[in-house]
Amino acid sequence: MSVIDLVPYDEALASYDPVMGLEVHVELGTATKMFCGCSTELGAEPNSQVCPTCLGLPGSLPVVNAIGVESAIKIGLALNCEIAEWCRFARKNYFYPDMPKNFQTSQYDEPIAFNGYLDVTLEDGEVFRVQIERAHMEEDTGKSSHIGGATGRIHGASHSLLDYNRAGIPLIEIVTKPIEGAGSRAPEVAKAYVAELREVIKALGVSEARMDKGQMRCDVNLSLRPHGREQFGTRSETKNVNSLRSVERAARFEIRRHAAVLNDGGSIVQETRHFHEEDGSTTAGRIKDNAEDYRYFPEPDLVPVAPSREWVDELRAALPEMPRVRRDRLQAEWGISDQEMQSALNAGAIEPILDTIAAGAPADQARKWWMGEIARRANESGSELGAQPITPAQVARVCALVAEGALNDKLARQVIEGVLDGEGDPDQVVAKRGLAVVSDDSALRTAVDEAIAANPGIADKIRDGKLAAAGALVGAVMKATRGQADAARVKELILERLS
Ligand code: ADP
Ligand code: MG
Ligand code: ZN
């Protein structure tokens with residue numbers, strides 16, 4: 001394969017405007033498949049969750065999964081879409097070994113939801129509105145495993161195995177309108193959109209939307225057009241990108257590749273492409289079928305879907321608080337800046353903080369520990385914040401000990417460290433490490449007198465009314481008590497002595 005010289009990103013953007021289209025597939029978390037009663041449970045023995053319907057055997061008849069339809073409507077409503085009063089399924093005809101029916105049951109020109117939008121917040125706080133073309137219902141395919149080759153791809157394999165357990169699991173495909181006007185932030189918009197969509201899906205409870213488990217995957221369509229030109233360029237479609245970071249990288253790579261081809265006087269081929277995690281590149285897949293090649297026609301074996309307006313209104317009224325609204329609410333409740341909220345989000349700290357507050361801690365304390373000591377440990381070990389060996393209840397207990405005056409900040413940090421190091425719960429760490437604030441005034445007074453005697457110059461300044469100088473003496477006492485004193489009390493005692 002010939003390697004092209006990619007155009008530097010900024011240079012590409014200086015000549016062209018990117019246009020994107022994102023197609024996201026979400027696997028619903030229903031108990032049974034979309035058109036039969038087979039289980040959707042993951043991890044079962046291959047081909048143990050199949051029946052004549054999802055195997056496409058002659059004479060079998062599909063029945064629509066009502067929860068699948070309900071989930072599709074919820075997604076449509078959450079994405080500000082109109083909900084069709086009447087729509088049908090359609091057969092998308094093509095042959096592929098992992099699709100035993102020889103067609104995919106999907107929706108074509110009559111999607112259940114259409115004409116919506118999703119607002120996404122970019123890193124600099126700006127809100128970008130992504131227009132939604134449609135959200136439609138369809139079914140997943142089975143899974144092929146190619147055996148015997150080095151890469152796991154069909155090329156070089158000696159044989160292939162097929163597992164139809166996944167065939168027929170409900171999917172919702174959400175397609176954006178062309179995303180224009182994002183300029184150099186197009187890759188960031190793509191990532192932010194998929195991230196926000198994932199949050200919405202999770203909030204609705206219709207899927208866990210785990211990209212690492214293939215429950216949510218994104219096709220990134222991208223084209224470039226010279227500045228000032230209205231007409232879109234030819235797009236490429238990078239398939240099955242399965243992490244947020246990859247969505248951003250795939251868009252970035254395609255911008256640079258398209259620019260290279262166009263600058264060279266070449267033309268972009270409308271094709272699907274594969275994304276490669278290792279180096280963030282894409283390579284050509286198949287030349288893209290036009291829609292008519294699929295010979296779509298209305299599915300004759302399924303009744304149309306005609307959700308009553310009452311049902312739709314009921315579902316609308318029962319929608320949960322949307323992630324964006326919830327984030328704004330929490331940010332206001334916690335009294336933090338946009339940037340602080342953004343870092344808490346990026347760190348995956350929102351749920352741990354909420355759980356810690358629920359366990360009795362004040363919001364600022366809960367946030368401080370999760371975003372401080374615990375986040376630092378998570379970064380160091382490259383693991384998720386929620387996976388650290390400390391529970392919200394334990395963090396709340398540390399906060400309670402601080403509030404009681406039994407620990408100061410410095411000691412509390414050591415307690416958190418101890419819990420993270422597996423030394424037990426906070427009270428056990430306090431006992432084992434002998435961490436407790438020296439609250440005995442007589443012991444503190446002795447330390448204060450010693451500090452005054454050792455720093456006569458500073459003591460004189462304080463006597464002269466320069467109270468700011470007390471900090472140095474507090475520091476000396478804290479050092480002498482190995483940090484186990486209550487700094488506020490120490491300051492009181494110093495001022496008492498010198499006034
Ligand atoms: P297909 O099923 O062939 O992939 P769709 O119309 O379902 O086609 O999806 C294509 C996606 O790409 C949509 O999100 C659409 O908005 C977007 N799109 C269409 N034309 C272009 C283009 N020239 N450049 C970038 N995106 C495009
Ligand atoms: Mg597509
Ligand atoms: Zn089945």
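Both ligands and their constituent atoms are indexed starting at 1 by order of listing.
- Side-chain polar atoms of R217 and N242 form no donor-acceptor pair below 3.5 angstrom.
- Sorted by first and then second residue, the salt bridge (Lys or Arg N to Asp or Glu O under 4.0 Å) pairs involving residues 59-79 (not counting sequence neighbours) are E70-K74.
- Protein N/O/S atoms nearer than 2.8 Å to the Zn ion (ligand 3) total 4.
- Shown in contact with L22 at under 4.0 Å from a heavy atom are these atoms of ligand 1, numbered in order with element: 14 (O).
- R91 and D301 are joined by a salt bridge, as a carboxylate oxygen and a charged side-chain nitrogen come within less than 4.0 angstrom of each other.
- At a heavy-atom distance under 4.0 Å, atoms from both the backbone and the side chain of V19 approach ligand 1.
- Among the atoms of L222, none of the N or O lies under 3.5 angstrom from an N or O of ligand 1.
- Below 4.0 Å from some heavy atom of G21 lie the following atoms of ligand 1, by number and element: 12 (O), 14 (O), 17 (C), 26 (N).
- When the side chain to side chain donor-acceptor pair (under 3.5 Å) test is applied to S160, the partners found at least two apart in sequence or on another chain are H146.
- The option with the heavy atom closest to atom 4 (O) of ligand 1, from among K239, E23, Q270, is E23.
- The contact set between ligand 1 and P178, taken as ligand atoms under 4.0 Å from a residue heavy atom, comprises 16 (O).
- Using a 3.5 Å distance cut-off with no hydrogens or angles, the side chains of T32 and T30 do not pair a donor with an acceptor.
- At under 3.5 Å, a nitrogen or oxygen of T176, whether backbone or side chain, sits near a nitrogen or oxygen of ligand 1.
- Considering backbone and side-chain atoms alike, G233 places an N or O below 3.5 Å from some N or O of ligand 1.
- Judged purely by distance below 3.5 Å, without hydrogens or angles, the side chains of D338 and Q342 never pair a donor atom with an acceptor atom.
- Which of Q231, E237, K177, R235 comes nearest to atom 21 (C) of ligand 1 through a heavy atom is settled by distance: it is R235.
- Judged by distance alone, the side chains of R273 and T282 do bring a donor and an acceptor atom under 3.5 Å apart.
- A salt bridge does not link E254 with R256: none of the charged nitrogens is closer than 4.0 Å to a carboxylate oxygen.
- In summary, of the residues considered (E196, E340, E321, E199), a salt bridge (Lys or Arg N to Asp or Glu O under 4.0 Å) with R327 occurs for E196 alone.
- Pairs passing the ring-ring contact (aromatic ring centres under 6.0 Å, His included) check and including a residue from residues 16-53, sequence neighbours excluded, read F35-F89.
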